[in-house]
Amino acid sequence: MPSNLLEGLNERQRAAVTLPHESALILAGAGSGKTRVLTTRIAWLIQTGQIGPQSLLAVTFTNKAAREMLTRISAMLPINTRGMWVGTFHGLCNRMLRAHWRDAGLPQTFQILDTQDQASLIKRLLKSLGVDEEKVPPRDLQYFVNGNKEQGLRAGQVEVFDDYGRKLNELYAEYDRQCNREGVVDFAELLLRCDELLGRNELLRRHYQQRFVHILVDEFQDTNRLQYRWLALLAGGGGAVFAVGDDDQSIYAFRGASAQNMAEFERDFAGGRVIKLEQNYRSHANILDAANALIRHNQRRLGKELWTAEGKGEPLRLYEAATDIEEAAFILEEVTGLRSDSVQLSDIALLYRSNAQSRVLEHALFNAGLPYRVYGGLRFFERQEIKHALAYLRLVSNPEDDGALLRVINFPARGIGARTLEQMQESAHMRRISLWQAACTTPLGGKAGAGVSAFVRGIEDLRRACLGLSLPEMVELTIERSGLKAYYETERDGADRIENLNELVTAAASFHAEGGFAAHAEPVGGAQTEADPRLRALEDFLAHAALEAGEHQAGAGADALQLMTVHAAKGLEFHAVFISGLEEGLFPHDNSRNDPESLEEERRLMYVALTRARRRLYLSFAQSRMLHGQTRWGIASRFLEEVPAQLVRRLNRGRAAHPFAPGTARSMGTASAGSYRAPPDSPWRIGQNVIHPKFGPGVIVSAEGRGADARVQVNFRSEGLKWLALEYAKLTPA
DNA sequence: ATTAGTGGTGTTTTT
DNA sequence: CACCACTAAT
C-alpha cells in the first residue's frame with residue numbers, strides 16, 4: 001500500500017483531498033485529475049482513521065465510473081470494497097428500496113422498466129384507456145412523465161397551463177397507478193420513490209443521515225433537481241458533501257440535469273468553499289487553447305480556464321471532405337498512418353454527434369479490415385432474445401408483471417392471438433387485476449384457452465423448479481423450458497441468438513460468483529419478512545440487468561479503434577481523436593438551432609470532444625452526407641470558426657473564411673447520382689454555397705421551377721431551411 | 001393465427 | 001433509412 005496518498009498531487013488537489021469535514025464544491029476541469037482527487041479523498045478519509053468504509057456514500061452517473069472508483073480505491077487501500085455504498089444514483093436507490101420495499105410501498109419483487117419497457121407500457125395504457133395515439137403521442141407522455149419525475153414532481157404537484165398539459169398530467173397519474181398495479185418502476189421512479197421514502201420516514205432518514213458522514217458526488221453538473229433533493233436529504237443531518245464537477249461539461253440537460261445545481265450547491269451547502277482544479281495533465285497546449293477559446297463563446301459559465309505545463313504540440317488538423325464517404329476514407333488513411341507510427345488502435349477514437357453516423361465509418365473500416373469497436377447502439381441486455389428470457393425470469397419472480405407476460409405469452413407461439421389477449425385485457429381492466437390473474441381465472445374456451453392454461457402451468461412449474469436452484473441454473477432452466485432455445489434452434493439465423501442466451505447464463509454465473517449486490521442494506525426498525533428468499537438472487541440479477549444494460553459489444557481487450565458518440569466519450573482520453581461530421585445541423589444539432597440554451601449545451605459537447613485528445617486532434621466535415629436515406633447538403637459547423645485559425649492546419653484546400661469549394665462536391669462521384677436538379681439555365685446548383693444579405697451564409701439544397709418561377713431551398717446557418725425565389729432573393733455565390 | 005408486404009412517419013445525446 | 005402499425009394473403 002502506498003504510504004503517502006498525497007504524493008504527486010498539486011497544491012489544489014491536495015487541498016481538496018484533505019478538506020475538513022464540511023461540504024465543498026470542487027470545480028474540476030477536463031483532465032485535471034478529478035477522479036483521482038475523488039478516490040484519493042476517500043482513501044485518505046479511511047486511511048487517516050476519520051471514518052470507516054461503511055460511513056461514506058459515493059455516487060456517480062455511470063456504472064463504468066463507479067467500477068473505476070472501486071478499482072482505484074482497492075488499489076490504494078487494503079480493504080474489501082464490497083458492501084461499500086459506491087454506485088450510480090439508480091443503483092444506490094435500488095439498493096435502498098430493496099432493503100425497505102415495504103416502507104416504500106413496493107412489492108418485494110418489484111421490477112425495473114428500462115426505456116423500451118416503459119414505452120410499451122405507455123402504449124398499452126393509452127390503448128386500454130381508449131386514448132387516440134394521434135392526440136397523445138406515447139412519446140409525449142413518456143417525456144412528460146420522466147421530465148416531471150426528474151424534477152421531483154408527482155402528478156398531483158405538476159402545474160399545467162393548458163388542456164393538453166392537463167390531459168398529459170391525468171395520464172401521468174394513470175401511468176403511475178398502472179405501474180403500481182404491476183409492481184414495476186421506471187428509472188426515474190427509483191430515485192423519486194427513494195427520495196419520498198427518506199422524506200416521509202424519519203427513522204430511516206435519521207439512520208442514513210447518521211451513517212453517511214461523508215457523501216461524495218462525481219459529475220455533479222449532471223445532477224437534476226430530484227437528485228439534488230435526494231442528496232440534500234441524506235446530508236441533512238450534518239453530512240459533508242464533496243461535490244466534484246465541471247459546468248463546462250454539462251451535457252445532459254436534455255435529461256433534466258441542471259448545472260445550476262452547482263451554483264445553488266455553492267450557496268446552500270458549500271458556503272462558498274470552492275476549489276478550482278485548472279491544471280490539465282492530459283493535452284498539449286494547442287488542444288487546450290482551442291477548447292478554451294471555444295467555450296468562451298458560452299455566456300453561462302462559472303468561470304474557469306485550463307492550462308498545462310506541456311508544450312504547444314501539433315496544430316489541430318482540419319479536413320474538408322466532399323462527402324461523408326470521402327470523410328471516412330480520409331480518416332481511414334490517417335488512422336493507418338498513425339498505426340504505422342505505432343500508435344495503438346485502442347488509443348484512437350472516432351467521435352461523432354449521433355449514433356447514425358457510425359455506419360459510414362464502420363463500412364470503411366470493415367472493408368479495410370481494421371479492427372474497431374462501436375460503443376452505443378444495442379446493448380447486451382437489450383437484445384430481443386435476452387429481453388425474452390428476462391421476461392420469463394421476471395414472471396418467475398413476479399407474475400403480475402403485465403409487460404413481461406405480454407412479451408412472452410405467445411412467444412414462442414402457443415396459438416394465443418390478438419383476440420384472446422384482447423379478451424384477457426378487457427377482463428383484467430374491468431376487474432382491476434393483473435393479466436396473470438385474468439389468465440388464471442378467466443374461462444377461455446378452445447385452443448386459445450388451452451394455450452393460456454398451458455402457459456400458466458408452465459410458469460408455475462418453472463417457478464417451483466427454480467426454488468431449489470442456483471441463479472445460473474435458474475436461467476439455464478428458464479431458457480430451456482420457455483421453449484426459447486428450441487425456437488431459436490430452428491430459426492434460420494438463430495445461432496447468434498442461442499449464443500447470446502448462453503452468454504446470459506454465463507452473465508448470471510459471474511453475477512452469482514461475485515455475490516450479486518453483495519451486502520443488502522441491513523433493515524432498520526425490525527426485519528421485514530421475505531416472500532421467497534430463494535428467489536432473492538433472481539431479483540437482484542434482474543435489477544442488475546435493467547440498471548446495467550451491459551457492454552455494448554463483446555470483444556473487449558483486443559486492440560481496436562474506438563467508435564462512439566461524444567456523450568459516450570466523456571471521461572475518456574485518447575492519444576488521437578477524430579471529430580467528424582462538423583456540420584451545421586448535425587453538430588450543433590438541428591434541434592438546438594433556435595434555443596440559445598441548448599446551443600450552449602452543444603458547445604459544451606464540442607468542448608468535451610476537443611478535450612478528449614492528448615496529442616493529436618482531427619476535425620472534419622463533409623459537404624454532403626447521406627442522412628435518413630437522403631443526401632443532405634451541409635455547411636461547416638460554426639464551432640470550427642470558434643477555434644482560432646492559428647491553432648489549425650488545413651489539410652486540404654486552404655480557403656479562407658468559408659471553406660467551401662463549389663462544384664467539387666460532385667467530383668468524387670460518391671454522392672447519390674441524379675440529385676443534380678437545378679434549373680439548367682441558371683448558375684445555381686445544388687450544393688452551391690451562397691450568401692444572403694439578411695440570412696447570411698447557406699447552401700442550396702434543392703431547387704424547383706425554371707425561369708421566373710425558379711425557387712431554391714437554402715439551408716442557412718442561422719435560419720435553417722428556407723425557400724427563396726431566385727428572381728427576388730439577393731443571393732450571391734460564396 | 002401467422003406472416004409478408006405496405007405505407008406512413010420520424011429521427012440527438014442516456015442512467 | 002429504419003421502425004411502426006396496419007392490411008392482405010396464406
Engineer: Describe, in one word, how the ring planes of A:Phe254 and A:Tyr252 are oriented to each other, choosing from parallel (under 30°), tilted (30 to 60°) and perpendicular (over 60°).
Structural biologist: tilted
Engineer: Which pairs pass salt bridge (charged side-chain N to carboxylate O under 4.0 Å, His left out) with one or both residues in residues 581-595 of chain A, sequence neighbours excluded?
Structural biologist: A:Glu583-A:Arg625, A:Glu584-A:Arg638, A:Asp590-A:Arg593, A:Asp590-A:Arg632
Engineer: Checking A:Phe587 now: which residues fulfil ring-ring contact (aromatic ring centres under 6.0 Å, His included) with it, not counting sequence neighbours?
Structural biologist: A:Phe639
Engineer: Keeping to residues at least two apart or across chains, list the ring pair (Phe, Tyr, Trp, His ring centres under 6.0 Å) pairs with something in residues 110-144 of chain A.
Structural biologist: none
Engineer: Under 4.0 angstrom, heavy atoms only, what part of the nucleic acid is A:Phe89 near: base, sugar-phosphate, or nothing?
Structural biologist: nothing
Engineer: Given atom CZ of A:Phe411 and atom C1' of B:dT3, what is their separation to the nearest angstrom?
Structural biologist: 14 Å
Engineer: Describe the nucleic acid contact of A:Ala413 in one word from base, sugar-phosphate, nothing, applying a heavy-atom distance below 4.0 Å.
Structural biologist: sugar-phosphate
Engineer: Got a list of protein N/O to nucleotides 5-12 of chain B N/O distances below 3.5 Å?
Structural biologist:
{"residue": "B:dT11", "atom": "OP1", "partner": "A:Arg139", "partner atom": "NH1", "Å": "3.0"}
{"residue": "B:dT11", "atom": "O2", "partner": "A:His628", "partner atom": "ND1", "Å": "2.9"}
{"residue": "B:dT11", "atom": "N3", "partner": "A:His628", "partner atom": "ND1", "Å": "3.2"}
{"residue": "B:dT12", "atom": "O4'", "partner": "A:His589", "partner atom": "NE2", "Å": "3.4"}
{"residue": "B:dT12", "atom": "O2", "partner": "A:Arg353", "partner atom": "NH1", "Å": "2.6"}
{"residue": "B:dT12", "atom": "O2", "partner": "A:Arg353", "partner atom": "NH2", "Å": "2.1"}

Engineer: Could you give the CD-to-C1' distance, from A:Gln118 to B:dT15, as a whole number of Å?
Structural biologist: 12 Å
Engineer: Compile the donor-acceptor pairs under 3.5 Å between side chains in residues 117-125 of chain A and protein atoms, sequence neighbours left out, one pair per line.
Structural biologist:
{"residue": "A:Asp117", "atom": "OD1", "partner": "A:Lys387", "partner atom": "NZ", "Å": "3.0"}
{"residue": "A:Asp117", "atom": "OD2", "partner": "A:Asp114", "partner atom": "N", "Å": "3.2"}
{"residue": "A:Asp117", "atom": "OD2", "partner": "A:Lys387", "partner atom": "NZ", "Å": "3.2"}
{"residue": "A:Asp117", "atom": "OD2", "partner": "A:Arg394", "partner atom": "NH1", "Å": "3.3"}
{"residue": "A:Gln118", "atom": "OE1", "partner": "A:Gln142", "partner atom": "NE2", "Å": "2.9"}
{"residue": "A:Gln118", "atom": "OE1", "partner": "A:Asn146", "partner atom": "ND2", "Å": "3.1"}
{"residue": "A:Gln118", "atom": "NE2", "partner": "A:Asn146", "partner atom": "OD1", "Å": "2.8"}
{"residue": "A:Gln118", "atom": "NE2", "partner": "A:Tyr175", "partner atom": "OH", "Å": "3.2"}
{"residue": "A:Ser120", "atom": "OG", "partner": "A:Asp117", "partner atom": "O", "Å": "3.1"}
{"residue": "A:Arg124", "atom": "NH1", "partner": "A:Glu182", "partner atom": "OE2", "Å": "3.0"}

Engineer: Taking OP1 and OP2 of B:dT15, is either one under 4.0 Å from a side-chain nitrogen or oxygen of A:Arg379?
Structural biologist: yes
Engineer: With A:Glu573, which residues qualify under side-chain hydrogen bond (donor to acceptor under 3.5 Å, both in side chains), at least two apart?
Structural biologist: A:Arg282, A:Arg614
Engineer: Would you mind reading off the distance between A:Leu113 atom CG and B:dT15 atom P, rounded to a whole angstrom?
Structural biologist: 17 Å
Engineer: Using a 4.0 Å cut-off on protein heavy atoms (strictly under), produce a 5'-to-3' string for nucleotides 2-10 of chain C with B for base contact, S for backbone-only sugar-phosphate contact, and - for none.
Structural biologist: S--S-----
Engineer: Would you say B:dT2 has OP1 or OP2 under 4.0 Å from some side-chain N or O of A:Asn410?
Structural biologist: yes
Engineer: Between P on B:dT14 and CG on A:Leu572, what's the gap in Å once rounded to a whole number?
Structural biologist: 13 Å
Engineer: Whole angstrom is fine here: how far is it from CG in A:Asn224 over to C1' in B:dT14?
Structural biologist: 13 Å
Engineer: Just how far, in rounded Å, is C1' of B:dT14 from CD1 of A:Ile251?
Structural biologist: 10 Å
Engineer: Taking atom P in both B:dT13 and C:dC4, compute the distance separating them and give it to the nearest angstrom.
Structural biologist: 15 Å
Engineer: What pairs with A:Asn63 under side-chain contact (heavy atoms from CB on, under 4.5 Å), at least two apart in sequence or on another chain?
Structural biologist: A:Arg67, A:Thr88, A:Glu548
Engineer: Rounding to an integer number of Å, can you tell me how far A:Asp595 CG sits from B:dT13 P?
Structural biologist: 18 Å
Engineer: A:Gln142 has an atom CD; how far is it from atom C1' of B:dT14, in whole Å?
Structural biologist: 12 Å
Engineer: For A:Phe242, enumerate each residue passing the ring-ring contact (aromatic ring centres under 6.0 Å, His included) test, keeping only those at least two apart in sequence or located in another chain.
Structural biologist: none
Engineer: Do the ring centers of A:Tyr487 and A:Phe411 come within less than 6.0 Å of each other?
Structural biologist: yes
